[in-house]
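Below you'll find the structure, written out as structure tokens, and then a few comments.
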Amino acid sequence: TTDLEIAITLEVEAKVQNPAIVCVPVFLFAEVAKKMPAGNIFITIEQAKPNNLTVKSGDCVFEIPVISVSDFPIIDTSGLDNSLEIEISE
């Protein structure tokens with residue numbers, strides 16, 4: 001997430017079949033993630049709906065509008081000396 005002054009990135013392990021790059025509204029995505037049941041979560045962008053991210057787990061299905069990466073500037077992190085790492089255990 002970014003407010004164009006502060007950027008937060010997150011890396012997670014995932015099985016990716018068709019890579020894509022999009023920007024997702026972080027607060028909406030966080031609310032959807034809170035409502036997901038435990039277990040596998042499937043995140044897809046379907047060709048029929050290229051402007052929506054579909055998030056599925058169990059019987060829960062949510063669609064989140066995505067934003068083109070071209071609408072955001074590239075954030076150069078190479079010169080940053082302030083970082084914080086948080087380890088999350090299962």
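These values consider heavy atoms only, across backbone and side chains, with no hydrogens, waters or symmetry-generated copies.
- By the side-chain contact (heavy atoms from CB on, under 4.5 Å) test, D71 is found to be paired with I67, S68, residues two or more places apart in sequence or in another chain being considered.
- Membership of the apolar cluster around L28 extends to V22, V24, F29, V32, M36, I41, I43, I45, L53, V55, F62, I64, V66, as traced through chained side-chain contacts below 4.5 Å between ILVMFWY residues.
- For P50, the side-chain contact (heavy atoms from CB on, under 4.5 Å) test picks out no residue, with sequence neighbours left out.
- Residue pairs meeting the side chain to side chain donor-acceptor pair (under 3.5 Å) criterion with at least one member in residues 40-49, sequence neighbours excluded, are K49-E63.
- Every residue meeting the salt bridge (charged side-chain N to carboxylate O under 4.0 Å, His left out) condition with K34, not counting sequence neighbours, appears here in chain and number order: E31.
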